[in-house]
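Below is one structure; the comments refer to it alone.
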Amino acid sequence: MKLFFSRNPNPRLAVAVARALEAKVEFEFAAPMAPGQAERFLPLNPNLTLPILAGSRDSLWEADAIACRLSRDANSDFWRSGDDEPDMIRWLSWGKENFVWACDTVHFERGTKQRYGLGPIDPEKIEEGLAEFRKAAAILEAELSRRQWLVGNSVSYADFRMATFLPFNDAAGLPLDDYPSVLSWYGQLEDIDAWCDPFKGLDAPPLAPVKPA
């Protein structure tokens, strides 16, 4: 199988999962929306977005689905099953609609738009994202003050997914320091090589710099 990726948040997540699982995949940096690339990638993902996991007979897109496939192939409980699966699904669902959404909203304004010249920062969107971040981070803070990981006693995909945008906080500037248990939890993730540096040894051109607003 081949995992097509970039350095953006969701593709980074997929690469980190593959590295954590020591998945038997080939990595290839890609840019499906670049001129001349659509013809190659449309059959693999009609959205022309990354990540894409391509096999000899089919392709799979969306980071969550790819994480599920790779975990099953590795016979790993990184993607929880059995009694823990509903709890993991709860955090995936809640995170994407709350904490991850808030991080994404702020990062898009302060990071993505400034990297790619997509227009000025929208202060109202920043405030909306920060308000949601504070609400969601307070819930995470309470949960993580009494547990080490989100599901069970070891790291799982729920933790990776919840932290999708935190490696980009140098651009987003989210107030993580206000939530010591969240900050401690994220520090544990950064101690995992696959999460801290998923692109080590890969041909992966760096992201464009964030230009001053």
Side-chain angles (χ1 to χ4, degrees), residues 1-32 41 44-45 47-56 58-82 84-101 103-104 107 140 144 147-169 182 185-207:
M1 293 187 293
K2 180 176 287 187
L3 180 59
F4 293 100
F5 73 95
S6 71
R7 283 186 178 262
N8 291 302
N10 282 307
R12 182 194 189 281
L13 172 63
V15 174
V17 169
R19 283 292 179 85
L21 293 169
E22 300 181 352
K24 296 178 181 179
V25 299
E26 178 184 352
F27 297 95
E28 182 174 328
F29 186 86
F41 286 101
L44 301 177
N45 182 357
N47 303 289
L48 290 179
T49 55
L50 297 170
I52 301 169
L53 183 67
S56 58
D58 62 358
S59 64
L60 191 64
W61 33 275
E62 292 296 316
D64 293 353
I66 290 170
C68 181
R69 168 75 65 81
L70 294 179
S71 295
R72 289 189 177 191
D73 288 352
N75 293 316
S76 171
D77 72 344
F78 186 69
W79 181 282
R80 296 292 197 261
S81 58
D84 281 341
E85 189 168 33
D87 196 25
M88 190 190 73
I89 298 296
R90 180 261 300 269
W91 286 116
L92 296 182
S93 178
W94 178 86
K96 291 183 76 172
E97 292 295 321
N98 295 274
F99 186 80
V100 179
W101 179 88
C103 295
D104 187 5
H107 176 262
L140 275 184
L144 291 169
R147 67 177 77 180
Q148 186 176 7
W149 301 106
L150 287 172
V151 182
N153 297 318
S154 61
V155 65
S156 74
Y157 181 64
D159 300 290
F160 272 38
R161 168 48 86 183
M162 194 71 71
T164 301
F165 286 87
L166 298 186
F168 304 87
N169 203 41
V182 175
W185 160 79
Y186 187 61
Q188 294 177 137
L189 283 176
E190 291 207 306
D191 287 337
I192 299 172
D193 289 342
W195 178 264
C196 181
D197 189 8
F199 305 114
K200 184 177 182 179
L202 300 182
D203 181 9
L207 288 170

Asp104 side chain to Val100 backbone, donor-acceptor under 3.5 Å: no

Rounded distance (nearest 0.5 Å) linking atom CG of Leu70 with atom CD of Glu22: 12.5 Å

CZ (Arg72) with more than 12 external heavy atoms under 6.0 Å: no

Spacing of CD1 belonging to Ile52 relative to CG belonging to Leu44, to within rounding of 0.5 Å: 5.5 Å

Heavy-atom side-chain proximity of Asp77 to Glu85 below 4.5 angstrom: no

Within-4.5 Å side-chain heavy-atom neighbours: Val17 and Phe78: yes

Counterpart residues, side-chain hydrogen bond (donor to acceptor under 3.5 Å, both in side chains), relative to Asp73 (two or more places apart): none

Nearest atoms (heavy-atom pairs only) where Ala163 meets Pro167: O-CD, 3.2 Å

Whether Arg19 side chain and Pro198 backbone form a donor-acceptor pair below 3.5 Å: yes

Derivation and outcome, side chain to side chain contact (heavy atoms under 4.5 Å, CB included), residues Val182 and Tyr186: CA-CA 6 Å; Val182 175; Tyr186 187 61; 5.5 Å; no

Distance (rounded to the nearest 0.5 Å) between Cys68 SG and Glu62 CD: 13.0 Å

The single option from Leu53, Ile66, Thr49, Asn47 passing side-chain contact (heavy atoms from CB on, under 4.5 Å) against Trp61: Asn47

Over 12 foreign heavy atoms within 6.0 Å of CG, Asp193: no

Distance, nearest 0.5 Å, that separates CG of Asn169 from CZ of Phe165: 11.5 Å

Charged tip of Arg12 within 45° of Trp195 ring normal and under 6.0 Å: yes

Contact summary for Ala30 and Pro32, nearest pair of heavy atoms: C-CD, 3.8 Å

Neighbour count >12 (heavy atoms, 6.0 Å) for atom CD, Glu28: yes

Matching residue for Trp79 among Leu92, Leu21, Asp84 - test: side-chain contact (heavy atoms from CB on, under 4.5 Å): Leu92

Exam field: side chain Ser71 to backbone Ala67, donor-acceptor pair closer than 3.5 Å: yes

Gln148 and Asn153: CA distance, side-chain angles, deciding distance, side chain to side chain contact (heavy atoms under 4.5 Å, CB included) verdict: CA-CA 7 Å; Gln148 186 176 7; Asn153 297 318; over 6 Å; no

Side chain to side chain, Glu190 and Leu166, heavy atoms closer than 4.5 Å: no

For Pro51 against Leu3, the heavy-atom pair lying closest together: CB-CD1, 4.1 Å

Within-4.5 Å side-chain heavy-atom neighbours: Met162 and Phe99: yes

Side-chain heavy-atom pair Asp87, Trp91 within 4.5 angstrom cut-off: yes

Side-chain (Arg80) to main-chain (Val151) donor-acceptor, under 3.5 angstrom: yes

Ring centers of Phe199, Phe5 separated by less than 6.0 Å: yes

Side chains of Asn8 and Leu50 in contact at under 4.5 Å (non-hydrogen atoms): no

Side chain to side chain contact (heavy atoms under 4.5 Å, CB included) between Thr164 and His107, worked out: CA-CA 11 Å; Thr164 301; His107 176 262; over 6 Å; no

Note, Asp159 side chain near Trp149 side chain (heavy atom, < 4.5 Å): yes

Close side-chain approach of Tyr157 to Asp64, heavy-atom, < 4.5 Å: yes

Worked verdict on Asp203 versus Phe27 for side chain to side chain contact (heavy atoms under 4.5 Å, CB included): CA-CA 9 Å; Asp203 181 9; Phe27 297 95; over 6 Å; no

Any donor-acceptor N/O pair, Arg147 side chain to Leu150 backbone, under 3.5 Å: yes

